[in-house]
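Some notes on the structure that comes next.
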Amino acid sequence: LDGGVLRICVNEDPRGKPGRPTKFVSEEGTPNDLLMTLRRPAMSTLSKEAKSLQGAWSIARAWGDGQELPRERADRMPVLVAGPWLILIEPHGSFDALRFTLDASASPKQMDLEEDGQSVLGIYQLEGDELRINLGAKGASQRPESFTARTGDRSRVLELRRVKPD
């Protein structure tokens with residue numbers, strides 16, 4: 001993080017050797033994949049509720065379509081909220097950046113996203129440093145009503161914990 005710019009670089013060595021990038025470059029012949037550069041949005045344009053979600057989150061539990069995400073995979077999937085974006089980073093380095101809007105006056109609170117050009121209706125609950133989100137199926141016309149994901153409903157539930165700076 002440098003001023004208002006966040007840069008993320010991941011070492012994705014095809015030989016499977018773990019390592020940490022030493023510089024923010026992605027050159028031919030190196031295992032580094034520069035994933036993204038994000039500029040901090042003007043915080044004045046965000047609602048108070050959206051401001052409360054900003055930062056890095058870790059996955060405490062996640063499941064979709066009734067299946068829980070294995071712990072070893074969840075531990076390697078950071079989640080970022082940067083401005084109006086929910087960013088899910090996969091263990092192999094790819095990521096999904098989903099633009100969201102919130103309706104904090106609804107009960108339960110509503111989070112609407114766009115994923116692959118389709119709307120995703122969701123709900124969320126923020127309690128201190130814990131955030132629960134249930135995202136319905138892409139393009140579904142009905143919003144989830146609870147924080148459960150049953151087999152066949154194609155919803156995805158995330159239980160997140162805020163990452164505290166060292």
Side-chain angles (χ1 to χ4, degrees), residues 1 6-12 18 33 35-41 43 45-166:
L1 182 62
L6 173 66
R7 295 188 303 164
I8 298 173
C9 186
V10 171
N11 181 338
E12 188 63 26
D33 293 322
L35 293 179
M36 66 181 99
T37 299
L38 300 170
R39 295 199 184 284
R40 184 178 308 196
M43 292 298 278
T45 63
L46 296 175
S47 69
K48 180 179 177 183
E49 190 76 4
K51 288 177 186 177
S52 71
L53 301 181
Q54 300 299 298
W57 298 84
S58 64
I59 298 176
R61 283 186 69 203
W63 59 98
D65 201 26
Q67 300 293 314
E68 187 158 358
L69 184 68
R71 178 80 260 143
E72 60 276 0
R73 184 164 179 222
D75 286 343
R76 297 180 51 220
M77 291 182 65
V79 177
L80 301 174
V81 178
W85 297 94
L86 177 68
I87 303 163
L88 306 161
I89 302 173
E90 294 284 341
H92 59 275
S94 69
F95 64 93
D96 290 315
L98 311 171
R99 188 174 185 88
F100 69 85
T101 58
L102 303 174
D103 181 354
S105 66
S107 182
K109 294 179 179 182
Q110 298 178 352
M111 174 182 275
D112 295 342
L113 301 102
E114 185 175 316
E115 184 177 7
D116 300 328
Q118 294 184 309
S119 65
V120 177
L121 304 178
I123 58 174
Y124 74 99
Q125 178 181 45
L126 177 64
E127 291 181 352
D129 289 331
E130 296 184 3
L131 174 62
R132 295 171 64 195
I133 301 172
N134 187 345
L135 302 175
K138 286 187 235 179
S141 60
Q142 296 224 322
R143 183 178 307 279
E145 296 176 356
S146 66
F147 294 97
T148 58
R150 293 180 186 85
T151 302
D153 71 4
R154 300 183 337 211
S155 66
R156 296 156 288 171
V157 176
L158 299 170
E159 292 183 358
L160 307 174
R161 289 201 177 90
R162 190 180 303 274
V163 175
K164 301 285 189 180
D166 293 333

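This structure is a prediction, so every number in the text was calculated from the model and none was measured.
The two residues S146 and N134 have their closest heavy-atom pair at O-ND2, 2.7 Å. Annotation for P144 and G122: closest pair CD-CA, 4.1 Å, computed over non-hydrogen atoms. Annotation for A60 and R161: closest pair CB-NH1, 2.9 Å, computed over non-hydrogen atoms. For the pair Y124 and Q110, the tightest heavy-atom approach, listed with the atom from each and the gap, is CE2-O, 3.3 Å. Nearest heavy-atom pair, W85 versus F100, reported as atom, atom and distance to 0.1 Å: N-CE2, 3.5 Å. Of all heavy-atom pairs between R154 and A137, the closest is NH2-CB, 3.1 Å.
One distance of note links CD of E114 with OG1 of T101; it measures 10.0 Å at 0.5 Å rounding. Atom-to-atom distance recorded for L113:CG and Q118:CD is 12.5 Å, nearest 0.5 angstrom. For the atom pair CD1 of I59 and CG of L160, the computed distance is 6.5 Å after rounding to the nearest 0.5 Å. One finds the CE atom of M111 at 12.5 Å from the CG atom of L121 (value rounded to the nearest 0.5 Å).
D112 is linked by a salt bridge (Lys or Arg N to Asp or Glu O under 4.0 Å) to R143, counting only residues two or more places apart in sequence or in another chain. When the side-chain hydrogen bond (donor to acceptor under 3.5 Å, both in side chains) test is applied to R76, no partner is found at least two apart in sequence or on another chain. For R150, the side-chain contact (heavy atoms from CB on, under 4.5 Å) criterion is met by T148, D153, not counting sequence neighbours. Taking the side-chain hydrogen bond (donor to acceptor under 3.5 Å, both in side chains) definition, one finds that D65 meets it with nothing, sequence neighbours left out. Among residues two or more places apart in sequence or in another chain, the side-chain hydrogen bond (donor to acceptor under 3.5 Å, both in side chains) test is passed with S105 by D103. Residues satisfying the salt bridge (Lys or Arg N to Asp or Glu O under 4.0 Å) criterion with E90, sequence neighbours excluded, are R73. Looking at residues two or more places apart in sequence or on another chain, you find no side-chain hydrogen bond (donor to acceptor under 3.5 Å, both in side chains) involving Q142. Taking the salt bridge (Lys or Arg N to Asp or Glu O under 4.0 Å) definition, one finds that R99 meets it with nothing, sequence neighbours left out. Under the side-chain contact (heavy atoms from CB on, under 4.5 Å) criterion, D129 pairs with R162, K164, not counting sequence neighbours. Considering only residues two or more places apart in sequence or on other chains, S52 meets the side-chain contact (heavy atoms from CB on, under 4.5 Å) condition with E49, L126. Legend: residues meeting side-chain contact (heavy atoms from CB on, under 4.5 Å) with R156, ordered by chain and number and at least two apart, are E115, V120, L135.
Using a 4.5 Å cut-off on side-chain heavy atoms (C-beta onward), L131 and V79 make no contact.
With hydrogens and angles disregarded, a donor-acceptor distance shorter than 3.5 Å links the side chain of Q54 to the backbone of G83.
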Any chance you could lay out the side-chain contact (heavy atoms from CB on, under 4.5 Å) test for L53 and L102, step after step, and finish with the verdict?
-> CA-CA 11 Å; L53 301 181; L102 303 174; 3.8 Å; yes

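The side-chain hydrogen bond (donor to acceptor under 3.5 Å, both in side chains) contacts involving residues 55-64 comprise R61-E68, where partners must be two or more places apart or lie in separate chains.
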